[in-house]
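Note sheet for the following structure.
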Number of protein chains: 2
Amino acid sequence: MLEKSHKHVTCATCSARKNSLFGTYGESEVMDLNHEKMCNYYKKNQPLFIEGSFPRGVFCLNQGKVKVFTRGDEGKEQIIHIAKAGDVIGFRSMFSGEPYKVSASTLEESNICFIGKDDFLVMMDNNPILRNGIIKELSKELGDRAQFITNMAQKSVRERLAFSLLILADIYGEEEINLTREDMANFVGTATETLIRLLKDFKEDEIIEIHTRKLLIVNRDKLLRIAGR
Amino acid sequence: MLEKSHKHVTCATCSARKNSLFGTYGESEVMDLNHEKMCNYYKKNQPLFIEGSFPRGVFCLNQGKVKVFTRGDEGKEQIIHIAKAGDVIGFRSMFSGEPYKVSASTLEESNICFIGKDDFLVMMDNNPILRNGIIKELSKELGDRAQFITNMAQKSVRERLAFSLLILADIYGEEEINLTREDMANFVGTATETLIRLLKDFKEDEIIEIHTRKLLIVNRDKLLRIAGR
DNA sequence: GTTAAAACATGACCAATATCAGTTTTAACT
DNA sequence: AGTTAAAACTGATATTGGTCATGTTTTAAC
């Protein structure tokens, strides 16, 4: 269970900060950042922002996981990205001037800080390192999404699942992968039933272990082979 | 036929510049830009850069069209984007520090200018408007690609074709859409044969006119309805 | 602890679309 | 202009993966 008060989260001691956009911050910058941010506890399945609305700031994950997704015509979610501790999300549409093209909500209970739009933009103006970090981040994601598109267009569901599991393993690190079958299907881009059947196959092939909701990869090499490059 | 010499292309008179990243440039900035750029004539199907290599600068399209694509495991192209006059391409991986994740080559004969990496980065450092324009551009594309992914995952080929034709109509403007069936299929994300059959359907439904290679949209509303939101 | 609601799982079926194997048309090159 | 290669097109067939229907297990709420 997470600490429900936000009072204990300070940027100076935030372990997620090290590998975040603010990882290079010096002492005084961290103090400023800490002063500007507001931290909140979110329970599972709480929205951070919703497609179509306008951004008021950015979110910085101290702890927890967040799915970033769009909804297709029939309301089905397509998960574009899963953010973990240290990730900063929601800045894209702040720059493009458009409303959010994606929604975001927590996948588990999380501590998430919020930095107001104006504060964030001022920080960006004054800090070339932050600015370049953001440009780099945007560029990197753009490249990832080109591959995502190609995978969707050309790989089979089985291949995409293998690919997705490898990505999820990175995101979950030491922890077991913990997603509902529906969320996983919406990440892979398939029907829930198909996903379940394929997971069963992978389990029988001793590629993964399934512990009810949680999932462990036991043969990464096989997954790599199935996923293709 | 295009003018084959690059000598006649200068940034000051470049009509494509107005709605490019350099659209807001003042007189002296345009002179600098003109001094730094090198213009070249490309014939059809000439590569600008290739996936896996490292960027040496950016390309600015004076005239022509360029496809930006990745190759899947079996070498099949997936077209991610089609650039037109005024578009600047190839800057993504310059910022991310990674090799190109995509390739680019001309779809028709084109005049394309090149600006070296160092020159471009200096320009960015000195020009907040250019910088913000780039950040905006990266952000906008990131949003577009989220939708692209969702379309791939959830729309039928027929719906995606309708969607793609609307995008192509924007890119080609007054001109007729002029792509090989294979390129169009690689943009929609389907087999060439399937694309051909669907084009035939659309033609019979009087949604498009086909003039051998070239293609004209005659009922935009129907396309909108098929494409979904 | 009980109960209701999600989430998970499985089977049967079928539609969409890929693949393969051609033929015809168009464009490019000498 | 004639030749050749590439592109466009067509038909037959195979198959992936989505949908629907239904049952079971797990989780969450009271």
Side-chain angles (χ1 to χ4, degrees), chain A residues 1 43-46 67 72-78 105 107-109 150-164 176-204 208-215 226 228, chain B residues 1 43-46 67 72-78 107-109 150-162 164 176-204 208-215 226 228:
Chain A
M1 211 58 164
K43 46 189 183 195
K44 205 174 169 171
N45 292 321
Q46 261 190 284
K67 64 176 169 183
D73 296 359
E74 273 94 45
K76 185 177 159 71
E77 294 180 5
Q78 174 61 42
S105 56
L107 286 168
E108 50 190 63
E109 47 177 1
T150 307
N151 284 350
M152 281 299 187
Q154 298 188 9
K155 284 191 198 294
S156 68
V157 176
R158 184 183 164 84
E159 291 166 328
R160 293 208 303 270
L161 174 57
F163 198 91
S164 300
E176 292 186 290
I177 296 168
N178 185 9
L179 277 178
T180 67
R181 300 292 187 260
E182 191 180 356
D183 278 332
M184 207 179 291
N186 290 342
F187 186 43
V188 175
T190 187
T192 308
E193 296 93 324
T194 303
L195 179 106
I196 288 170
R197 285 184 249 264
L198 286 170
L199 281 183
K200 196 181 161 193
D201 287 353
F202 281 6
K203 185 186 167 185
E204 279 162 7
I208 58 171
E209 272 174 23
I210 298 178
H211 309 130
T212 33
R213 180 68 45 90
K214 291 175 180 174
L215 203 148
I226 296 169
Chain B
M1 213 55 164
K43 47 189 181 192
K44 205 172 169 173
N45 292 321
Q46 261 192 284
K67 63 176 169 183
D73 296 358
E74 273 93 47
K76 184 178 160 70
E77 294 181 6
Q78 174 61 43
L107 287 168
E108 50 190 66
E109 46 177 2
T150 307
N151 284 350
M152 281 301 187
Q154 300 189 6
K155 284 192 199 292
S156 67
V157 176
R158 185 184 163 82
E159 290 167 328
R160 293 208 303 271
L161 173 58
S164 300
E176 293 186 288
I177 296 169
N178 185 8
L179 278 177
T180 67
R181 299 294 186 257
E182 191 181 357
D183 278 332
M184 208 180 290
N186 290 343
F187 187 43
V188 174
T190 187
T192 308
E193 297 93 324
T194 303
L195 179 106
I196 288 169
R197 285 184 247 266
L198 286 170
L199 281 183
K200 197 181 163 194
D201 287 352
F202 281 5
K203 185 186 169 186
E204 279 163 7
I208 58 172
E209 271 173 24
I210 298 177
H211 308 130
T212 33
R213 180 67 47 88
K214 290 174 182 177
L215 201 148
I226 295 169

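Note that the coordinates shown come from a computational prediction; the quantities given were computed from them, not determined experimentally. Chain A is the first sequence line, chain B the second, and so forth, proteins listed ahead of strands; every chain is numbered from 1.
Taking the side chain as every heavy atom from C-beta outward, Asn178(B) and Leu107(B) never approach each other to under 4.5 Å. No side-chain heavy atom of Asn186(B) sits under 4.5 Å from any side-chain heavy atom of Lys67(B). Leu161(B) is not listed as a side-chain neighbour of Arg158(B), based on a closest heavy-atom distance of 4.5 Å or more. Under the 4.5 Å side-chain criterion, counting only non-hydrogen atoms from C-beta, Glu77(A) is in contact with Asp183(A).
Between Ser156(A) and Arg181(B), the one whose closest nucleotide on DNA chain D sits nearer the 5' end is Arg181(B). The residue among Asn45(A) and Thr212(B) whose nearest nucleotide of DNA chain C is located toward the 5' end is Asn45(A).
With values rounded to the nearest 0.5 angstrom, Asn151(A) atom CG is found 8.0 Å from Ser164(A) atom OG. Expressed to the nearest 0.5 Å, how far CD of Glu109(A) lies from CD of Gln46(A) amounts to 11.0 Å. Considering CZ of Arg197(A) and OG1 of Thr190(A), their distance stands at 9.5 Å, rounded to 0.5 Å. Summarising the geometry, atom CG belonging to Leu215(A) is positioned 9.5 Å from atom CD belonging to Glu209(A); distances are rounded to the nearest 0.5 Å. Within the model, atoms NZ of Lys214(A) and CG of Leu179(A) stand 12.0 Å from one another, a figure rounded to the nearest 0.5 Å.
For Lys200(B) and dT10(D), the shortest distance from a side-chain N or O to OP1 or OP2 is below 4.0 Å.
A donor-acceptor contact shorter than 3.5 Å links the side chain of Gln154(B) to the backbone of Lys76(A). A donor-acceptor pair is defined here as one N or O able to donate and one able to accept, closer than 3.5 Å; such a pair exists between the side chain of Gln78(B) and the backbone of Phe187(B).
The nearest whole Å value for the distance from the CG atom in Leu107(B) to the P atom in dA7(D) is 13 Å. At whole-Å resolution of the value, CD in Gln78(A) and P in dG18(D) are 11 Å apart. As a whole-Å value, the separation of Leu161(A) CG from dG18(D) P is 12 Å. Separating the CZ atom of Arg158(A) from the P atom of dA18(C) is a distance of 20 Å, rounded to the nearest angstrom. Glu77(A) has its CD atom 11 Å from the P atom of dA7(C), to the nearest Å. Computed from coordinates, the Met184(B) CE to dA7(D) P distance equals 14 Å when rounded to whole Å. What separates CD1 of Ile210(A) from C1' of dC8(C) is a distance of 10 Å, to the nearest Å. Atom pair Lys214(B):NZ and dT26(C):C1' shows a separation of 14 Å (rounding to whole Å applied).
Taking a 6.0 Å sphere around CD of Glu182(A), one finds it holds 12 or fewer heavy atoms contributed by other residues, nucleotides or ligands.
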Can you pull every protein N or O that's under 3.5 Å from an N or O on nucleotides 28-30 of chain C?
none

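Bending across the helix from dG1(C)-dC30(D) to dT30(C)-dA1(D), expressed as the angle between its end axes from five pairs apiece, amounts to 60° (10° rounding).
For DNA chain C, the neighbouring residues in residues 186-196 of chain A, judged by any heavy atom under 4.0 Å, are Glu193(A), Ile196(A).
In terms of polar N and O atoms assigned as donor or acceptor, the side chain of Arg197(B) comes within less than 3.5 Å of the base of dG11(D) in a complementary pairing.
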